[in-house]
Structure formats: structure tokens, C-alpha cells
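Before any comments, here is the structure.
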2 protein chains.
Amino acid sequence: MSRASAARRATINDVAQAAAVSRQTVSNVLNRPHLVRAQTLERVRLEVERLGYRPSQAAQGMRSQRAGAVGIELNAVHRGASDVAQLFLTELTVAAPRFDVHLVPFADAGTFPAVDGYRDMVRRRLVDAFVLSDTHVGDTRPGWLLDSGIPFAAFGRIYDQPDLTCWADVDGAAGTTQAVEHLHARGYRTVAYLGWPHGQPASAVADARREGWRRTAGSLGTLGPESACEQDLADAALAAGALLDQLQPGDAVVCASDLLALGVVYAASARRWRIGPDLGVVGFDGSLTASRHALTTVQQPLADIAAAVLRRITDQLTGGADDPSGQLLVPTLTPGPSTDRSTATAYIPLPAPEQDHRR
Amino acid sequence: MSRASAARRATINDVAQAAAVSRQTVSNVLNRPHLVRAQTLERVRLEVERLGYRPSQAAQGMRSQRAGAVGIELNAVHRGASDVAQLFLTELTVAAPRFDVHLVPFADAGTFPAVDGYRDMVRRRLVDAFVLSDTHVGDTRPGWLLDSGIPFAAFGRIYDQPDLTCWADVDGAAGTTQAVEHLHARGYRTVAYLGWPHGQPASAVADARREGWRRTAGSLGTLGPESACEQDLADAALAAGALLDQLQPGDAVVCASDLLALGVVYAASARRWRIGPDLGVVGFDGSLTASRHALTTVQQPLADIAAAVLRRITDQLTGGADDPSGQLLVPTLTPGPSTDRSTATAYIPLPAPEQDHRR
DNA sequence: GAGCGGGTTTTGAACGTTCAAATCACGCAG
DNA sequence: CTGCGTGATTTGAACGTTCAAAACCCGCTC
């Protein structure tokens, strides 16, 4: 219970003195062990351990002219319709140590992503680079960062700069393909699609997800009708209702997002269709919404995306091997009760139609 | 379009040279302007602006032996049942610049909050302090941080160290009191309560929220029945069903969280009760769930809590005025359609009981 | 016995900032 | 004219680390 252990932390000199070597030898033990005689190595390592020495980030950053940090803006996240951003941030944070960086989130009180925030972070040398997380058409940030020579990588394609390669994204078509195949394997007959209107929220994403469904269902002969709506629950339930008019029990719906899938669940419940047995529903994103509502969903490989993004950033920083291409990562389908034909799960407790005997 | 502007950023010496003064004068202009002659002040400021100079975080941290950063763990958040954590993180991030700090999130691949992670962050002098964000009974972190002399402050009371004061929390009782008063004003008759079982997730939180309901409804003469369930949607719908058996249209339910409120919505829909006109429902937290499902909710004052937590931390760091007491912040009720008696909102499209004429 | 070379270790310098102390300019009293 | 005080500015030093270069040690060769 040494209450003052934060008083003064060990520096490289403390270790050097304790091990009776010079500071540079201690540095070598940590960074270039092969240069150090085995016996010395051990002695120094012992002292490092004993004193709990870790090099100071500030001093290292000073020497190397690197912050060892990556900035990420939280603004856009704030009132986003999806909760994926939070999961992505967590995965980034988990992956960061593997790339010898840490994250520095920042946000503006205003709603717009202000380039000023980015600029000040680099000027103060608080970060070396940025992760952009919801790129959209007309996004000014990639262009600006590029012009300023500030490294960055994005989760999501960079629409306005098609030649840029510093991004990683989910292969939406592969995702909906899996969804359709899963539904086919489970014996659902026709597979409909509920997506976003063209140009929403980022048309390339919407197009890819829809395309995977269209192509795969087409070749499997299960192509059903489609509809589109905003990323909004009430809107989705409405659109889903119209879509269900064209379906029969035993059919299924693939959705562009988990929220839309929830809308389908609502609309189906209104028709007394049992989710699973009567109607298969697949969402997209692997969001909290999906797990909370027990939906089969196409799970984004967020950990892989986080790693891919950080790799692109560190590659730029070290000037190392430039992996030249943007990367599409394949999501995986997570089956849930919403595509289980044999077991009816009570998604929403429905009104009993008439007197009903259950104990 | 100067593509090389990241090449070399201006240092204090660059500014000094440009303004024909010494580096210390530049430093004084920024930190102690009253020591500098007005004419010099202006000249230096001009150059600072022209060169876009900002002091290097690393160098300042080196000199001051401060990281200027606060750590926050994202682990617990990961698969949490609530999405409040994300909003809180955003508010912390927005507030941080006002306290001259930035945040450094960290996470372990493992599920348990490893004290090791905390220790290494301070040893590397990456952070000066920590924000703890979901304290629970039996949490080992506060005790350990205290013993290690590492400053911290928590969102949520510190249960195992009742004498500790470095926390800020929501006044749960005040929140449910507002909920009950709101329902009373809106003309709902009996007000029931759906909460967490004693000891869940942190009993003090659960107890406070329940107590506000009990006391206020008691004194208003609207006290109804209560029930409890886990923080889980299916469980909530089940418990809510049993609760509704004891209620009549015109009554209302106050819930310990937005998720539970959603469960009530489901159970009520199953009875063909219209949310709002037939049953008032109030959630708690102001989470994404509430806004997405148009629920009246008790909004946590996350911005205030973030500021309070950071203030406590910076007070500890500067050794300044120790605000000695933990702080309970009053939430505000955000009315939504779920407590609107006059307008029926289609929460869930319900099956038409029989042929029904609407255009 | 001086010189060489490779392995190991140490010394000097620098990264950018700010505190503490020294220096400078200047007006004014003795 | 000298000395003093005050306000403005500059110089030296230090924070902790790592690169570059110098120094050291030791066995070996000529």
C-alpha cells in the first residue's frame, strides 16, 4: 500500500544507475538487444522490471518527432443512426497497441466536422495522422488532408478521390450474397430486399449491398421484390408493410441495415407472421440492435477493418511498403432466431387473436 | 495546394527568429502576456499567426512532467446493454479542451478491466489520470488507483469507498420524480414502476431511481404496482406483461431504463393499448433507444457530468481547490409521444382486429 | 610490441519547451 | 556623474530519450 508510488517514476537514468551502465545501454536493451552482451542484458532487464521502468512517451515523441497517436473525430458519430461507430472505435482501440500508437478522439461542439480541429491537432503535434470514419460524398476532409500532407486512412471508400487507396471497407455485396445463400439453405422461397433510396446514406454502400442481393438471388432463382426507405424505424416499418403485401409466409427479406430489419419485424408482427417460421429476416451491420433483437445479421469485420486502417496509416508514417490498393473485407453472417424456420421466437408479444390455451 | 506543409512545422525558435526576439519572449507572449511590451506582443502574435505556430504537446509535457491526457477504458462499454457510454465519451471529448487535456481511450482484448493496462499508461506517462465510467460494487480499480496515488474521477458513485468524493452521478431519484410529476400533469392516473432487481446492475442506482418513483407517486396519490427484471428486452416485455395485468388504460409506467421502457411498449402493444393515449411510458437515460423509438425519457445531463468529472481530475492534478463532495446532477425529462395522451403514434403497426376502414 | 578489427559500452548532441536567473535599457535621485 | 530600481528581454539549464560518433576492451597478427 505504498501511497506515494506516483511520486516520481523511474527514468532511463535511474535504471542505468541501478544496473551500473550508461543510459544508452539501457536504451539498447530495450530497442536493440542484439547489441548488448548477454550478461549485461539480463542485469539491465532485471532492473527495468524491478523499477517498473517504461520509456516516456513524451520524450520518445520529442526525439522521434512523432506523436505516436492517431486522431479520430467523434462528432459525426454523435447522433448517427447506427451504433456501429462505437464498436468500431473499440476495435480501433484494441488494435492500436499492436501498431505502437494510441488514439486521441476529438470532437467539436458544433455538428460539422471542422477542418480546424484537425489542423490544430497536427500543429500541436498531438497526432501524426487521422482515421476518418464516416466518409460521404462531398466530404472535404480527404482532399484537405491530402493537400496538407497529413496522413490518414478511412473506414469507408473515399468517394471524391477514386484514385486514393488509403481506405478499408466492408464488401457489401459479399455480405448480402451470404445473406441470400443462408436464406436459400434454410429453405426460404423468395428473398425480397429492403434498402436505402439511391444516394442514401452513401450511394456506393447502398448500391453494393443491393447488388449482392440482386445478383445472388437472381442466380438462385429466389429473387423477390424490393423497396427502399430512409434509415428510420417508422419509415422502415411502413416500407416493409408494402413489401410484405407482395410476399407470402415462407419468404424472406434481406435488409440494408439492422434498423431496417427491425422495421420488417414490426411490419411482419402486425400481420401475425412469426419471424423465423413464417418470414426470414436478415439485417446488416452486426449492431447492438441486431443482438438486442435476436436478428440474423451480416456482421462487419470491424476488428479487421480497424487493423487494415491502422496498417495503412503506419505504412504512410514509416514511408514503408505502400500497400497500393484499398481493401474490401468480407463480412460474416451471424445466424439468429430471425432465420430459424423451426423455432418461433417471441419477438414481440402479439395480442392473442382469441382465447388461447397455454400454461 | 501546398502539398508539403507537413514537412516541418514551426517551432518556437522559428517564431522567435521571425519576430527578432528570443524564444523565451515568444513563450511569454503565449503564457504570460503581461510581461511583454505591447509592441513586441503584437509583433510576435503576428508571426505566431502567420507561421501557424502551436506549442508542441510533447515538449510541453516533457517540461511540465505532465501528459495533459486522461485515460478512459472502453472495455466495459463494449457489449454493454446501454448505449449511453458512447454519448458520454463524446461529451467528455467535447469538454476536454476546456480543461486543457485530451482523452486517450484504451481497451484490452480480454474482457476484464485489467489493472495492468492502467499501470502501463501512467508508467509511460501517456496519461495523468483516469475517468472511470461504469463503477460497480466490488470494483477493484478505485482502491488500486488510490493506493497507487493515481488521480481519477468516476461517472457513478464509488460504492466500495464511500468516503471518496471524486465522482459525479445522475440523481436518479430526481429523475423518476420528474417522470412521475410529468405523468401526473399529463393526467395519467396510476403510475407503475418497472425496475431492476435489487443488486442490479449497481444497486444504488436501481434503488435511487425506484425511490424517486415511490416517494413522488406516493405523495401524489398515484402509486401503482411495480415489477423488476434484468436489463434485457425479452425479459422486460415479459415482466411488463405481468405488470400491465394490474393496470388499466389511462395508467402509466416509469422505467429504470429506456430498454425496459421498450419492453413495456411491446407488452402494451400486445394488449392493443395505444402508447400515449392508453398507456404512458417513460424511460430513463436518454439513450439512442429512446430517440429511435420516440420515447419520453429522463435525459442524463451527460455534458455536465463530463465537465464535473474532468473538473475533479484537474483539481487533483493542480492540487487546487478540492471540491470535497461527490456531485449529484439533476437530469431533465424529454417529453415524447409515449406520454402524449391526445395523439396516437404508431409505435408498432398492429394487426387489424377485423376489417377496418382507413384510407 | 605496435597495430588492427570486432564486439561492447559510453559520451555528446539534439528534439521543443519553460523555469530561474542573468542581463540590458532607461529614467531618476543623490 | 554614479548608482539604483524597474520593466523588458535574453541566456542557461533541464525535462527523458535516441542517434551518431567516439572510446574502450580484448584477442590476434605481423
Side-chain angles (χ1 to χ4, degrees), chain A residues 6-45 47-48 51-69 100 122-128 318, chain B residues 6-45 47-48 51-69 100 122-128 318:
Chain A
R8 209 178 82 82
R9 274 175 269 284
T11 75
I12 201 172
N13 282 310
D14 298 329
V15 178
Q17 196 163 358
V21 293
S22 72
R23 57 183 200 285
Q24 182 60 40
T25 299
V26 179
S27 176
N28 285 339
V29 166
L30 269 57
N31 304 317
R32 266 116 132 175
H34 60 279
L35 291 182
V36 182
R37 191 162 50 121
Q39 185 186 335
T40 316
L41 198 68
E42 189 179 9
R43 181 159 39 102
V44 172
R45 277 190 174 145
E47 290 300 329
V48 166
L51 298 173
Y53 167 72
R54 295 287 182 284
S56 149
Q57 178 79 20
Q60 283 184 321
M62 183 106 156
R63 189 69 184 55
S64 66
Q65 303 286 69
R66 284 266 159 78
D100 283 317
V122 280
R123 285 204 177 143
R124 298 205 59 189
R125 264 141 293 184
L126 233 153
V127 302
D128 305 310
T318 60
Chain B
R8 211 179 80 83
R9 273 174 271 284
T11 75
I12 200 172
N13 281 311
D14 298 328
V15 178
Q17 196 163 358
V21 293
S22 72
R23 56 183 200 284
Q24 182 59 40
T25 300
V26 178
S27 175
N28 286 338
V29 166
L30 268 58
N31 305 315
R32 267 120 129 169
H34 60 279
L35 292 181
V36 182
R37 192 161 51 119
Q39 186 187 334
T40 316
L41 197 68
E42 187 179 10
R43 181 160 38 103
V44 172
R45 277 190 174 145
E47 290 301 328
V48 166
L51 298 174
Y53 167 71
R54 296 286 183 282
S56 148
Q57 179 79 20
Q60 283 184 321
M62 181 107 156
R63 190 71 190 38
S64 66
Q65 303 286 68
R66 285 264 159 79
D100 283 315
V122 281
R123 286 206 177 139
R124 299 205 58 189
R125 264 141 293 185
L126 235 154
V127 302
D128 305 310
T318 60

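Reminder, nothing fancy here: chain letters follow the sequence lines and each chain counts from 1. On a predicted model such as this, the values are computed, not experimentally measured, just so you know.
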**OP:** Could you please spell out the steps behind the side-chain contact (heavy atoms from CB on, under 4.5 Å) verdict for A:R124 and B:Q60?
**Re:** CA-CA 10 Å; A:R124 298 205 59 189; B:Q60 283 184 321; 3.0 Å; yes
Original post:
Rounded to whole angstrom units, what separation is found between the CG atom of A:L35 and the P atom of D:dA20?
Top reply: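 So the two atoms are 13 Å apart, to the nearest Å.
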**OP:** Check B:D14 against B:A10 and note the closest heavy-atom contact, atom names and distance.
**Re:**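 What the structure gives for the nearest pair is OD2-CA, 3.3 Å.
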Original post:
Between C:dT8 and A:T40, is there an OP1 or OP2 to side-chain N/O distance shorter than 4.0 Å?
Top reply: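 Checking A:T40 against C:dT8: no side-chain N or O falls below 4.0 Å of OP1 or OP2.
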Any N/O pairs under 3.5 Å between the protein and nucleotides 12-19 of chain C? List them or say none.
{"residue": "C:dG12", "atom": "N7", "partner": "A:R23", "partner atom": "NH2", "Å": "3.0"}
{"residue": "C:dG12", "atom": "O6", "partner": "A:R23", "partner atom": "NH2", "Å": "2.9"}
{"residue": "C:dA13", "atom": "N6", "partner": "A:R23", "partner atom": "NH2", "Å": "2.9"}
{"residue": "C:dC15", "atom": "O3'", "partner": "A:Q65", "partner atom": "OE1", "Å": "3.3"}
{"residue": "C:dC15", "atom": "O3'", "partner": "A:Q65", "partner atom": "NE2", "Å": "3.1"}
{"residue": "C:dG16", "atom": "OP1", "partner": "A:Q65", "partner atom": "NE2", "Å": "3.1"}
{"residue": "C:dT17", "atom": "OP1", "partner": "B:Y53", "partner atom": "OH", "Å": "2.6"}
{"residue": "C:dT17", "atom": "OP1", "partner": "B:S56", "partner atom": "N", "Å": "3.0"}
{"residue": "C:dT17", "atom": "OP2", "partner": "B:I12", "partner atom": "N", "Å": "2.4"}
{"residue": "C:dT17", "atom": "OP2", "partner": "B:Y53", "partner atom": "OH", "Å": "3.4"}
{"residue": "C:dT17", "atom": "O5'", "partner": "B:Y53", "partner atom": "OH", "Å": "3.4"}
{"residue": "C:dT18", "atom": "OP1", "partner": "B:N31", "partner atom": "ND2", "Å": "3.1"}
{"residue": "C:dT18", "atom": "OP1", "partner": "B:Q60", "partner atom": "NE2", "Å": "3.0"}
{"residue": "C:dT18", "atom": "OP2", "partner": "B:S27", "partner atom": "OG", "Å": "2.9"}
{"residue": "C:dT18", "atom": "O2", "partner": "B:R63", "partner atom": "NE", "Å": "2.9"}
{"residue": "C:dT18", "atom": "O2", "partner": "B:R63", "partner atom": "NH2", "Å": "3.1"}
{"residue": "C:dT18", "atom": "O4", "partner": "B:R23", "partner atom": "NE", "Å": "2.9"}
{"residue": "C:dC19", "atom": "OP2", "partner": "B:R32", "partner atom": "NH1", "Å": "2.8"}
{"residue": "C:dC19", "atom": "O4'", "partner": "B:R63", "partner atom": "NH2", "Å": "3.4"}
{"residue": "C:dC19", "atom": "N4", "partner": "B:Q24", "partner atom": "OE1", "Å": "2.4"}

**OP:** Using side chain to side chain contact (heavy atoms under 4.5 Å, CB included) as the criterion, list what pairs up with B:A69, not counting sequence neighbours.
**Re:**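 Result, side chain to side chain contact (heavy atoms under 4.5 Å, CB included) vs B:A69: B:A67, B:H102, B:V104, B:V127.
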**OP:** Look at the side chain of A:R125 and the backbone N and O of B:A58, then say whether any donor-acceptor pair between them is shorter than 3.5 Å.
**Re:**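 It does not hold such a pair.
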Original post:
For residues 23-43 of chain A, which residue pairs qualify under salt bridge (charged side-chain N to carboxylate O under 4.0 Å, His left out), counting only residues two or more places apart or in two chains?
Top reply: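 Those involving residues 23-43 of chain A do not exist here.
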